[in-house]
Amino acid sequence: MKPDTNTKYILGLSLIPYFGFRRINLLYEQYEDWEKIWNLSYGEIEKLLGEKLAKIFIKNRNIINTDEEIIKYEKLNIDIISCFDEIYPKLLKEIYSPPLILFARGNIELLKNKNLLSVVGTRKYSEYGKNIIKNMMGPVSNQNITIVSGLAIGIDSLAHIEALKEKGSTIAILGSAIDRIYPSSNFNLAKQIEKEGLILSELPIGTKFTKENFPKRNRIIAGLSRATLIIEAGEKSGALITANFAINENRDVLAVPGSIFNSYSIGTNNLIKQGAKIITSIDDILEIYEMTSENKSSNTKKNPIFDSNEENMIYKILMNGPLSIDKIVISSRLNVNIVIASLTKMELSNLIENIGNQNYRISN
């Protein structure tokens, strides 16, 4: 999406500390002209926002070159979507503190889909949680429901992967800048999502990694979708932060019940006690979107097709049983980066599956 003239001014404003959506929207309501807002005098800013913010505005505006900033993003093939653009998701704009800017790579047309489902859960999942993802996410994504998650290790990654396997659509919301994918172990998955789905971040390129950005990211995950599904969450899981955002924004909160003896189910079971909708089948999810199951998903076993000799070699090694990445590297004598890249592609093609702790086996 080619940025218009207004975009560079909105981008510039977003780079000024303490100038978020609410303050910038206040300026827009007053002047309704982005170029004029960018060139406001100290006195005009002080009148609306006070002396302290006026000083911050003038100091930062004088060192920000909006034309150069736009060029940086164009070179990296990153789209800039402001909350004043038509394609900006309407649901997200309704939350208490919507991101002023979304930086995007991939198919931004996915933002037009009204049927978005956020899926989050624990990083250390059980076989039960994995089976839920495997049996639900593919069929759900086949119903033109876009799966939204946070690219985190665990349930988030599995949700993205299952959507991609079934040729459905998925959106990853980063807690880092687009040019600094975190976690780095999901770099290849992120690149696959860029090709077939969409990656979003509210953080400008070059932003340093901080843990504080991840709870903020969760409000976007919850805010984008009509419903948020929690699959396995401990008592203090970060997934519960996303659930709380969804509750506060009056969105549907869905939870899969689990064993009372499993620590991974404490959070989800508590959500159900508090009124979350119990999810025990695909139809429970589709009901939210006024759909019915059409059983489009197909998991019939086919002869494996490999994109490289390396994939063929790894597949043959795994025919003897599950192995860790380290043992695959030793057995294949391949470079570890080639092994990781091959495993990611093979997992997305449903040839193999991660059974936890970076151990892989041939898919059933």
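All values derive from a computational prediction rather than experimental measurement.
- Of the residues listed (Ile171, Leu254, Ile221), the one engaging Ser118 in a side chain to side chain contact (heavy atoms under 4.5 Å, CB included) is Ile221, and it is the only one.
- Salt bridge annotation for Lys134-Glu166: absent, with no cationic side-chain nitrogen under 4.0 angstrom from a carboxylate oxygen.
- Counting only N and O atoms by type, the side chains of Asp284 and Thr280 include a donor and acceptor under 3.5 Å apart.
- Judged by the 6.0 Å distance and 45° axis criteria, Arg22 is positioned over the aromatic ring of Tyr96.
- By the 4.0 Å N-to-carboxylate-O rule, Arg361 lies close enough to Glu353 to be salt-bridged with it.
- Pairs engaging residues 244-271 under the side chain to side chain donor-acceptor pair (under 3.5 Å) rule: none recorded [sequence neighbours left out].
- Between Glu194 and Lys191, at least one side-chain nitrogen of the basic residue sits less than 4.0 Å from a carboxylate oxygen of the acidic one, meeting the salt-bridge criterion.
- For the residue pair Ser157 and Asn186, a side-chain donor N or O sits within less than 3.5 Å of a side-chain acceptor on the partner.
- Donor-acceptor pairing under 3.5 Å is lacking for the side chains of Arg105 and Asn77.
- Between Lys8 and Asp67 there is a salt bridge, since at least one side-chain N of the basic residue sits less than 4.0 Å from a carboxylate O of the acidic one.
- Salt bridge Lys112/Glu109: present, at least one basic N to carboxylate O contact under 4.0 Å.
- Remark: Lys93 qualifies as a cation-pi partner of Phe84 under the 6.0 Å distance and 45° angle criteria applied to the six-membered ring.
- Side chains of Thr344 and Glu347: a donor-acceptor N/O pair is absent below 3.5 angstrom, by distance only.
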